[in-house]
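We count ligands from 1, going down the list as the structure has it; atoms in each ligand are counted the same way. Start at 1 with the first residue, then count along the sequence. What you are looking at is a predicted structure, and each value in this text was computed from that prediction instead of being measured.
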Amino acid sequence: MMPAATTIFPVILTVSEADQRLSGRDKVKALSRLARSALMKSCEKSGLHLNSFPKNQKGVPLPVGGVHWSVTHKSDMVGGVASTSPVGMDLETIRPVSDALLAKVASEDEWKLVGGNRQNNFFRFWTAKEAVLKAVGKGMAGLSRCRVAAIADDTYMTLTYDETRWPVAHYWFDDHVAALTARHFSVSWIRY
Ligand SMILES: CC(C)(COP(=O)(O)OP(=O)(O)OC[C@H]1O[C@@H](n2cnc3c(N)ncnc32)[C@H](O)[C@@H]1OP(=O)(O)O)[C@@H](O)C(=O)NCCC(=O)NCCS
């Protein structure tokens, strides 16, 4: 029998105009800091505690006291999430992409699952795969082992990484889409 689904609270924050104007290292630092603020808000909502954000030599976030975490930062939005099981979150701004990227994100078999316009679906696939690759701690190196297995509707799909199934939830807002994955969960998106 499946365990009862735990509610996960991914938090999305808007980057201030002043921080958006930064460049180089200053911007990376500001976005990273804000993503950790989102993560702390996720902790508060979930009743979880994190007092440090350690990563391994490859930059993969390490759990602290059984609390797993994931962050994502784009130039105008950031996100953070904490969970008692491995978790991955990704966020993208929807924009036109090249045919080469359409082919990179998914195989013909995976594209057949979704139908419709590939441009419109590109960032669903992209963010879903990024979220799973973060949850398994592989990053881009694991891309060829991560596949779209089934699509339920606009907000839920299932991916596999090798033989393991990862449900993914999407949240659409303005011209952005965010993806969240964990092994078994219900989701409550929070945007400030
Ligand atoms: C690094 C990667 C995990 C995500 O990168 P990204 O989408 O550019 O960046 P995001 O802002 O969403 O996420 C960055 C966070 O991911 C985390 N991260 C980095 N490497 C990671 C890894 N191997 N596993 C899990 N999490 C990782 C870090 O916490 C980082 O934030 P921090 O530096 O503030 O701690 C990786 O997938 C990558 O290099 N992607 C490049 C884009 C691409 O080609 N994607 C193809 C998808 S189809």
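Between K129 and E110, at least one side-chain N (NZ, or NE/NH1/NH2) sits under 4.0 Å from a carboxylate O, which counts as a salt bridge.
Partners of E108 by salt bridge (Lys or Arg N to Asp or Glu O under 4.0 Å), not counting sequence neighbours, listed by chain and number: R118.
At a 4.0 Å heavy-atom cut-off, the residues surrounding ligand 1 are S32, R36, K55, G59, V60, P61, V71, T72, H73, K74, D90, K104, V105, W126, E130, K134, G137, K138, G139, M140, L143, listed by chain and number.
Within 6.0 Å of atom NZ in K74, more than 12 heavy atoms from other residues, nucleotides or ligands are found, so the atom counts as buried in its surroundings.
Pairs passing the side-chain hydrogen bond (donor to acceptor under 3.5 Å, both in side chains) check and including a residue from residues 24-35, sequence neighbours excluded, read S32-R36.
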Exercise for review: Apply ring pair (Phe, Tyr, Trp, His ring centres under 6.0 Å) to W189 and F173, showing your working.
Suggested key: CA-CA 11 Å; W189 293 94; F173 60 102; 8.3 Å; no
Side-chain donor-acceptor pairs under 3.5 Å in residues 52-60, sequence neighbours left out?
{"from": "N56", "atom 1": "OD1", "to": "K58", "atom 2": "N", "distance (Å)": "2.8"}
{"from": "N56", "atom 1": "OD1", "to": "G59", "atom 2": "N", "distance (Å)": "3.1"}
{"from": "N56", "atom 1": "OD1", "to": "V60", "atom 2": "N", "distance (Å)": "3.0"}

